[in-house]
There are 2 protein chains.
Amino acid sequence: MDRRRLRGERTRQAILSHAARLASAEGLEAVSLQRLAGDLGISKSGLFAHFGSKEELQLATVEEAAWVFTLEVLKPGLSEPAGVGRVAGLCEAFLSYVERRVFPGGCFFEAAVAEFDSRPGPVRDSVVEKRRYWAASLARAIREAQTAGQIVPEVDADQLAWELNCLLIGANNSSVTDPGDVAFQRARRSIRDRLQAVAAKP
Amino acid sequence: MDRRRLRGERTRQAILSHAARLASAEGLEAVSLQRLAGDLGISKSGLFAHFGSKEELQLATVEEAAWVFTLEVLKPGLSEPAGVGRVAGLCEAFLSYVERRVFPGGCFFEAAVAEFDSRPGPVRDSVVEKRRYWAASLARAIREAQTAGQIVPEVDADQLAWELNCLLIGANNSSVTDPGDVAFQRARRSIRDRLQAVAAKP
DNA sequence: ATACAAATAGCACGACCGGTCGTTAAATGT
DNA sequence: ACATTTAACGACCGGTCGTGCTATTTGTAT
């Protein structure tokens, strides 16, 4: 029946979860089958049987990370009602996701895109697409806030989304380099100021 | 005498130059001795003899990249007289350095820090230190502009430097993902607007 | 021209890589 | 109870990695 593959599905999930967390810190390519299998206490061949190739494992890892990102960032961010609150909510959800170290190495996709940006192939395409979707979500929230009259219509939504995303990614990068939470303070302050500057007068 | 090592010094320079360009695109760890030697038409052991270990090769590569960065970004940026012009000059020099693909994979240090941020060791330390020096240079230029009365004294120089750096790095990241020069347009626009907003009235 | 040291090449090593194989043990269907 | 499918295993393959050790070439001073 449908419960037949339960056992295999569970180990597969465990593999992908661990692979995503590991890859965020050490890179997708650095996660070898041997290392992964050793960490999980299973054999390399047993692990490999779940995926036809290393590339398919990487693809599945990206999908797993996307699922986590949706759950941890997009869902809580979009739970805010449309408007500046939703824009701020998305930003704060991202910062919290980085700060709580949902992935030990910071944002999974920033690490992955840095690793694969100059390496064409399906893995790169998948990562880039996910990243674009995030940027588009941010831009859409800004446009919603404009039609709601909470952000002045003169601002270029895509430009503002790009700027906010730069600050978010900058916080992610700084947080893995600098100690303490100074990076998040800086990002929150910049984002607050930036949103206030474009807020429509009531 | 002192010219005896000329031959060796030249090949060493060729190795490091190629290694830095390669590493910016594919990562420091992905640059294998075999690949490097093959590209340069020399033997692996002949190449290896110039450095005692792979780590020393990586360290030397970082130093080489730092030298290039100084020449291509810091020097032209700091040639502007102190003030907002110097701040803008540093930003523009960085953008130009990325845009002209001095390193094929974009800014060498952004690629390197993303790869080594979660991998303690001398390579990481070196990269982080270089990056910090750049951020400090930017902050110093801002403070100079404040004492020159060209930027209002209320702004937090470190905060502004962090923001500008985020935009510069964002342009670097976007440029390897998105086609065309939209990333640089966005960055230049954001930086111009940001500097105008903090400019002291004449 | 010869001697000598620096620069490079040749070669082999152990470790690890992704990947394939046949086999075993457990779960499932009848 | 038995037959079949699935999950996991251990051994192994060819290849590449970084790294030593030794030979050979090459440039220069005498």
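Residue numbering restarts at 1 for every chain, and letters A, B, ... go by the order of the sequence lines.
One can place CD1 of A:I15 at 7 Å from P of D:dA8, the figure rounded to the nearest angstrom. Atom CD in A:E9 sits about 20 Å away from atom P in D:dT5, given to the nearest Å. The distance between atom CD of B:E29 and atom C1' of C:dC16, rounded to the nearest whole Å, is 13 Å. To the nearest angstrom, P of D:dG27 lies 10 Å from CZ of B:R10. Rounded to whole angstrom, the span from the CG atom of A:L33 across to the P atom of D:dA8 amounts to 15 Å. Per the geometry, CZ belonging to A:R12 stands 15 Å off P belonging to D:dT6, to the nearest Å. Atom P of nucleotide D:dT19 and atom CG of B:L36 are separated by 14 Å, given to the nearest angstrom. Rounding to whole angstrom units, CG of residue B:L40 and P of C:dT8 are separated by 11 Å.
The phosphate of D:dA8 (OP1 or OP2) has a side-chain N or O of A:H50 nearer than 4.0 angstrom.
For A:T11, whose side chain is taken as the heavy atoms from C-beta onward, the closest listed nucleotide among D:dA8, D:dG20, C:dT8 is D:dA8. Here the nucleotide nearest the side chain of A:K44, chosen from D:dC12, D:dG18, C:dA9, is D:dC12. Comparing atom distances between the B:S43 side chain and each of D:dG10, C:dA9, C:dG19 picks out C:dA9 as nearest. Closest contact between the side chain of B:F48 and the listed nucleotides C:dG19, D:dT19, C:dT8 involves D:dT19.
Within the nucleic acid shown, B:L47 has no heavy atom closer than 4.0 Å to any nucleic acid atom. Within 4.0 Å (heavy atoms only), A:A49 reaches no atom of the nucleic acid at all.
Of the charged side-chain nitrogens involved, at least one lies within less than 4.0 Å of a carboxylate oxygen, so that A:D158 and A:R143 count as a salt-bridged pair. Salt-bridge annotation for A:R119 and A:E29: present, with a side-chain N of the basic residue lying under 4.0 Å from a carboxylate O of the acidic one.
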Apply the test salt bridge (charged side-chain N to carboxylate O under 4.0 Å, His left out) to residues B:R188 and B:E99: give CA-CA distance (whole Å), side-chain angles for both, the deciding distance (0.1 Å), then the verdict.
CA-CA 12 Å; B:R188 291 197 168 97; B:E99 202 169 18; 2.9 Å; yes
Check step by step if salt bridge (charged side-chain N to carboxylate O under 4.0 Å, His left out) holds for A:E163 and B:R189.
CA-CA 10 Å; A:E163 290 176 21; B:R189 182 171 156 193; over 6 Å; no
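Place A:G52 and B:G41 on DNA chain C by their nearest nucleotides, and B:G41 ends up nearer the 5' end.
A donor N or O paired with an acceptor N or O is found under 3.5 Å between the base of D:dG10 and the side-chain atoms of A:S45.
The distance from atom CD1 of A:I169 to atom OG of B:S174, rounded to the nearest 0.5 Å, is 7.0 Å.
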